[in-house]
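All figures in this text were calculated on a predicted structure; none of them were measured in a lab.
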Amino acid sequence: MQRISMLGSGFIGRFYADSLQGQRSRDKIVSIYSRREESAKKFAEDYQVDHWTTDMEASIAHPDVDVVCISLPNNLHEAAVALCCKHKKGVICTKPLGRNAEEAKRMLEMVETAGIFNGYLEDLVYTPKFLKALESVKNGALGRILWAKSRETHPGPHSEWFWDKEQAGGGCILDLGCHCVEIARSFIGKDIKPVEVMCWADTQVKPIDAEDHAIGLVKYENGAIGQFEVSWTFRGGLDLRDEVMGTEGTIWLNSFLRTGFDMFTTGKGADYVAEKAESNSGWLFPVGDELNELGYNHMFADMFQAKETNRPARETFYDGYVVNAILDAAYRSAASKQWEPVKLDIWRGQTGVGKATTLTEYDAQYYLVKEEMTHFGAKKLILKDKTSGQIIERTI
């Protein structure tokens, strides 16, 4: 059993609480901190939490607390992590870890110096579909991964602080790109170094200082490409989609908006449909089990099993730091309109990984370009001469 201090009583804190006290059934939130007294009291009432407070340190230092769950605005993460280190409490933190890589690096170094358990709450790499797809990729079903694309778009976040560039640290790149980058990075290989980023970003719709729409490319040392598409301007709900392409196959994932559950209603008796749904009438796309489909259940199970067995979680503060470094490069690229290097002061993966050869041996004279079966039943080969470079076709 893990006894949890929940920092934050808002949208994500309540999603976390639903999963924490529902999936394993033995974990318990024993203290809730909120910046507003009425919010702390209401959360404590709704989730039967014995201790509530508006003093962050009092919640973290509470003698019954084993681990602290940070579900606070981005600008408060570092202070919360510092208090966890002071009181030697394990800490799990919502995404993004920091507002930038420097902030994330400081948090990483703090928890490692303090020797406390740390987990990065990147829920979308714990969804059942993602985990199944990743297993197939690791088993070689797609061959060598060439390209991984992740898309998250919706009409915008729920709380006011997201829209404040100083508190949030950025717009949709930081809010949504952190998910997409870690998804692509997982498929390509988290030990493969990201080297540079090209990104377009703009503020197209919302009256804010930060970006509300962006598209980026992340180049990896082995030649693979990660791609992210993020927006706070998409109308129609929450769209989560991933694509992975390898030398031997392809995977398409649709994680949320269209999951095989379609419903039409005039609106009579309709209420909550799904996260970021924009309507409760017409054709709707409900989600059967949001906690599971969004990865929360599997994420917390991994975090606490890791803590209890003294192993690292699948996602740690180090992963959060790498993601922040990639997103920093995306912001620089959006400003410069150029490829920008990923600056990683701490890198624990492979180095010097070269781009794999594209040459497939056919015989002593030729490389194989392509093999196909024609509509008239003959096999056609496209071959490249090793010496001259000439491309020929041969029908068998």
Side-chain angles (χ1 to χ4, degrees), residues 1-22 27-99 103-104 106-108 110-111 114 116-123 157-162 164 166-169 174-175 178 291 296 299-300 303-304 306-307 313 315-317 320-321 324:
M1 173 182 176
Q2 293 296 314
R3 298 172 299 177
I4 304 141
S5 161
M6 179 66 72
L7 307 185
S9 59
F11 178 85
I12 193 62
R14 284 176 170 268
F15 249 130
Y16 286 171
D18 288 340
S19 179
L20 284 166
Q21 298 193 161
D27 305 308
K28 175 68 176 171
I29 299 170
V30 297
S31 177
I32 173 64
Y33 157 78
S34 181
R35 292 168 293 165
R36 293 181 289 273
E37 182 175 313
E38 63 274 17
S39 297
K41 286 182 176 179
K42 184 66 167 64
F43 188 103
E45 177 185 343
D46 290 345
Y47 293 98
Q48 293 81 54
V49 178
D50 293 334
H51 178 257
W52 64 265
T53 181
T54 56
D55 181 337
M56 186 191 298
E57 186 166 7
S59 182
I60 293 170
H62 193 285
D64 291 341
V65 167
D66 300 313
V67 62
V68 177
C69 181
I70 300 174
S71 56
L72 295 169
N74 299 345
N75 61 315
L76 301 178
H77 291 185
E78 188 173 3
V81 169
L83 288 172
C84 293
C85 293
K86 175 182 176 181
H87 294 282
K88 300 296 184 180
K89 298 294 178 77
V91 58
I92 51 180
C93 184
T94 192
K95 62 79 195 173
L97 182 58
R99 289 176 291 178
E103 210 169 69
R106 289 195 297 269
M107 286 185 267
L108 170 62
M110 278 193 282
V111 296
I116 61 173
F117 177 83
N118 61 94
Y120 177 51
L121 299 180
E122 176 43 78
D123 58 290
H158 302 279
S159 301
E160 83 288 345
W161 65 264
F162 281 98
D164 183 309
E166 175 59 27
Q167 291 184 75
L174 195 59
D175 178 37
C178 59
L291 297 176
Y296 296 123
M299 176 178 70
F300 286 119
M303 293 291 158
F304 293 158
K307 186 174 183 294
E315 293 286 319
T316 68
F317 275 25
Y321 162 68
N324 268 126

- Item | Main-chain N/O of Ala114 paired to Lys88 side chain as donor or acceptor, under 3.5 Å | yes
- Task: Write down the atom of Asn118, the atom of Phe317, and the distance for their closest heavy-atom approach.
- Result: OD1-N, 3.0 Å
- Message: Please check this pair: side chain of Arg3 against backbone of Asp64, looking for a donor-acceptor N/O pair closer than 3.5 Å.
- Response: yes
- Val67 side chain reached by Met303 side chain, heavy atoms, under 4.5 Å: no
- Query: Nearest 0.5 Å, what's the CD-OG distance between Glu38 and Ser9?
  - Reply: 8.5 Å
- Message: Could you tell me if the side chain of Tyr47 sits less than 4.5 Å from the side chain of Leu20, heavy atoms only?
- Response: no
- Atom pair CE/OG of Met6 and Ser71 - distance to nearest 0.5 Å: 5.0 Å
- side-chain contact (heavy atoms from CB on, under 4.5 Å) partner of Trp52, chosen from Lys41, Glu45, Lys42: Lys41
- Task: For Leu121 and Met299, run side-chain contact (heavy atoms from CB on, under 4.5 Å): C-alpha distance rounded to whole Å, both residues' side-chain angles, the deciding distance at 0.1 Å, then the answer.
- Result: CA-CA 7 Å; Leu121 299 180; Met299 176 178 70; 3.7 Å; yes
- Close side-chain approach of Val30 and Val65, heavy atoms under 4.5 Å: yes
- Query: Is any side-chain heavy atom of Phe43 less than 4.5 Å from a side-chain heavy atom of Ser34?
  - Reply: no
- Note on the structure: Here the pair of heavy atoms bringing Arg35 nearest to Pro73 is NH2-CG, 3.5 Å
- Salt-bridge criterion met for Asp66 and Lys307 (N-O under 4.0 Å): no
- Item | Sidechain-backbone polar pair: Arg99 side chain, Glu166 backbone, donor-acceptor under 3.5 Å | yes
- Query: With no hydrogens and no angle check, is any side-chain donor or acceptor of Lys95 less than 3.5 Å from a backbone partner on Asp175?
  - Reply: yes
- Note on the structure: CE of Met110 to NZ of Lys86, rounded to nearest 0.5 Å, is 13.5 Å
- Query: Taking atom CG of Asn75 and atom NE2 of His77, what is their separation to the nearest 0.5 Å?
  - Reply: 8.0 Å
- Query: Can any side-chain N or O of Glu78 pair as donor or acceptor with the backbone N or O of Leu76 at less than 3.5 Å?
  - Reply: no
- Worked check of side-chain contact (heavy atoms from CB on, under 4.5 Å) between Glu57 and Tyr33: CA-CA 9 Å; Glu57 186 166 7; Tyr33 157 78; over 6 Å; no
- Give a yes or no answer on whether the side chain of Asn324 reaches the backbone of Ala104 with a donor-acceptor pair at less than 3.5 Å. no
- Task: Please report the closest heavy-atom contact between Cys69 and Ile4, naming both atoms and the distance.
- Result: CB-CG2, 4.0 Å
- Ignoring hydrogens and angles, tell me if any N or O in the side chain of His87 forms a donor-acceptor pair with the backbone of Lys89 under 3.5 Å. no
- If we only count heavy atoms from C-beta on, is the Ile92 to Phe300 side-chain gap below 4.5 Å? yes
- Message: Could you check whether Ser59 and Thr53, counting side-chain N and O atoms only, form a donor-acceptor pair closer than 3.5 Å?
- Response: no
- Message: Ignoring hydrogens, what is the shortest heavy-atom contact between Ile70 and Ala80? Give both atom names and the distance.
- Response: CD1-CB, 3.7 Å
- Message: Show the nearest heavy-atom pair for residues Ala168 and Phe162, with the distance to one decimal.
- Response: CB-O, 3.6 Å
- State, with a plain yes or no, whether a side-chain heavy atom of Asn74 is found less than 4.5 Å away from one of Pro96. yes
- For Val91 and Met107, what are the C-alpha separation, side-chain angles and deciding distance, and is it a side-chain contact (heavy atoms from CB on, under 4.5 Å)? CA-CA 11 Å; Val91 58; Met107 286 185 267; over 6 Å; no
- Can you name the nearest heavy-atom pair linking Ser31 to His51, along with the distance? OG-ND1, 2.8 Å
- Task: Run the numbers on Ile60 and Leu7 for side-chain contact (heavy atoms from CB on, under 4.5 Å), then give the verdict.
- Result: CA-CA 8 Å; Ile60 293 170; Leu7 307 185; 3.9 Å; yes
- Query: Is the shortest heavy-atom distance from the side chain of Asp18 to the side chain of Tyr296 under 4.5 Å?
  - Reply: no
- Query: Do Phe304 and Asp27 have side-chain heavy atoms sitting under 4.5 Å apart?
  - Reply: yes
- Between OH on residue Tyr120 and CG on residue Leu108, distance to nearest 0.5 Å: 12.5 Å
- Task: To the nearest 0.5 Å, tell me how far Ile32 CD1 sits from Ser5 OG.
- Result: 7.5 Å
- Task: Check the pair Phe11, Phe15 against ring pair (Phe, Tyr, Trp, His ring centres under 6.0 Å), reporting the backbone distance first and the verdict last.
- Result: CA-CA 6 Å; Phe11 178 85; Phe15 249 130; 5.2 Å; yes
